[in-house]
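Here's the structure, in structure tokens; my notes come after.
Counting convention: from 1, in listed order, for ligands and their atoms alike. Positions are given from 1, in the same order as the sequence printed here.
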Amino acid sequence: MTILRVGVLALQGDVQEHLLAVRGCGAEASTVRTPDELERVDALILPGGESTTMSRLLQVFDLEMPLRDRLAGGMPTLSTCAGLILLSREVLDGRPDQIALGILDVSVRRNGYGRQVESFEADIAIAPLGVAPFRAVFIRAPLIEEAGPDAEVIASFGDNPVAVAQGPHIGLCFHPEMTDDLRVHQLFLERAAAALEVSAA
Ligand code: GLN
């Protein structure tokens, strides 16, 4: 069986941590900065960082249209923080020209957890992972203000969703790559491999 090739969008943000996490799960991982590199991967991680910067760099690196094409073709994604913002249907408090790719049926508010709690950690329950809590690291995180019917909420913190699943996509407000708990990456690899009918590792 073919093995899943996972790309990490490497324009900006916490790329290395995701490469290590995917490799830690036993799968192949490579960076994606060019349309050619995007073409060679089966699934893509859109990391945290700064969504307005990433949005601009997608255009500078001529990746916006190739990325839209791959997403339209069903390429699975794992997105965290700024990555989640890029894939959202609606971005509140964003720059007027920032890209919202409309893959995840969520409306997000940038930096929605407020200035006083720019960063915090919390133990949360992620439904497909069972009862063992996941230590979630939030860094100037987007707030999911509304998840539409197409997005399945798989974790919440307080009154708001912090993780959604939608078809082959998982979107998170927090940073799983900043802990050594690989269960979210493993879940993504399993779902991506199942969607593409290839082997995860
Ligand atoms: N606040 C950032 C943004 O708006 C996201 C922060 C993060 O990715 N940790 O893009």
Side-chain angles (χ1 to χ4, degrees), residues 6-22 29 31-33 43-61 63-64 67-68 71 77-124 126 134-147 151 153-158 160-166 169-182 184-185 187-188:
V6 179
V8 180
L9 186 65
L11 301 176
Q12 191 249 349
D14 47 353
V15 173
Q16 288 305 322
E17 295 87 344
H18 281 291
L19 291 171
L20 291 175
V22 171
T31 52
V32 168
R33 285 192 195 87
L44 188 67
I45 296 179
L46 293 93
E50 178 53 53
S51 60
T52 53
T53 307
M54 270 193 234
S55 174
R56 192 169 44 79
L57 291 176
L58 276 175
Q59 292 166 329
V60 170
F61 282 66
L63 270 172
E64 180 186 352
L67 178 58
R68 285 184 187 275
L71 292 169
T77 65
L78 171 67
S79 57
T80 73
C81 254
L84 167 80
I85 297 172
L86 281 177
L87 290 185
S88 294
R89 162 172 52 77
E90 183 183 37
V91 181
L92 307 169
D93 291 342
R95 278 177 53 122
D97 58 351
Q98 92 176 78
I99 295 170
L101 293 164
I103 290 298
L104 297 173
D105 186 11
V106 293
S107 172
V108 297
R109 185 171 296 281
R110 283 183 66 225
N111 306 323
Y113 285 91
R115 285 175 183 273
Q116 280 154 5
V117 280
E118 286 203 336
S119 301
F120 61 99
E121 295 184 19
D123 283 328
I124 60 167
I126 301 178
F134 194 93
R135 189 75 179 160
V137 180
F138 295 83
I139 303 169
R140 300 186 70 223
L143 182 74
I144 298 180
E145 293 217 337
E146 188 234 328
V153 176
I154 57 172
S156 295
F157 178 67
N160 293 87
V162 291
V164 295
Q166 187 172 334
H169 309 291
I170 297 175
L172 311 168
C173 297
F174 55 92
H175 287 267
E177 77 287 359
M178 293 202 169
T179 65
D180 47 22
D181 189 338
L182 296 178
V184 167
H185 287 84
L187 178 69
F188 167 59

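Ala151 meets the side chain to side chain contact (heavy atoms under 4.5 Å, CB included) test with Asp105, Val106, Ala147, Val164, Gln166; sequence neighbours excluded. With sequence neighbours excluded, the residues satisfying salt bridge (Lys or Arg N to Asp or Glu O under 4.0 Å) with Asp97 are Arg95.
Dense packing is recorded around CZ of Arg89, with more than 12 heavy atoms of other residues, nucleotides or ligands lying under 6.0 Å away.
Sorted by first and then second residue, the salt bridge (charged side-chain N to carboxylate O under 4.0 Å, His left out) pairs with a member in residues 79-88 form an empty list; sequence neighbours excluded.
Heavy-atom minimum distance, Ser88 versus Ala100: O-CB, 3.4 Å.
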Exercise. Run the numbers on Asp123 and Arg135 for salt bridge (Lys or Arg N to Asp or Glu O under 4.0 Å), then give the verdict.
Key: CA-CA 5 Å; Asp123 283 328; Arg135 189 75 179 160; 3.3 Å; yes
Need the list: ligand 1 N/O atoms against protein N/O atoms, distance under 3.5 Å, rounded to one decimal.
from: ligand 1; atom 1: 1 (N); to: Asn111; atom 2: OD1; distance (Å): 2.6
from: ligand 1; atom 1: 1 (N); to: Arg140; atom 2: O; distance (Å): 3.0
from: ligand 1; atom 1: 4 (O); to: Ser51; atom 2: OG; distance (Å): 3.4
from: ligand 1; atom 1: 4 (O); to: Arg110; atom 2: NE; distance (Å): 2.7
from: ligand 1; atom 1: 4 (O); to: Arg110; atom 2: NH2; distance (Å): 3.2
from: ligand 1; atom 1: 8 (O); to: Gly49; atom 2: N; distance (Å): 2.9
from: ligand 1; atom 1: 8 (O); to: Gly49; atom 2: O; distance (Å): 3.1
from: ligand 1; atom 1: 8 (O); to: Ala82; atom 2: N; distance (Å): 3.0
from: ligand 1; atom 1: 9 (N); to: Ile139; atom 2: O; distance (Å): 2.9
from: ligand 1; atom 1: 9 (N); to: His175; atom 2: NE2; distance (Å): 2.9
from: ligand 1; atom 1: 10 (O); to: Ser51; atom 2: N; distance (Å): 2.5
from: ligand 1; atom 1: 10 (O); to: Ser51; atom 2: OG; distance (Å): 2.9

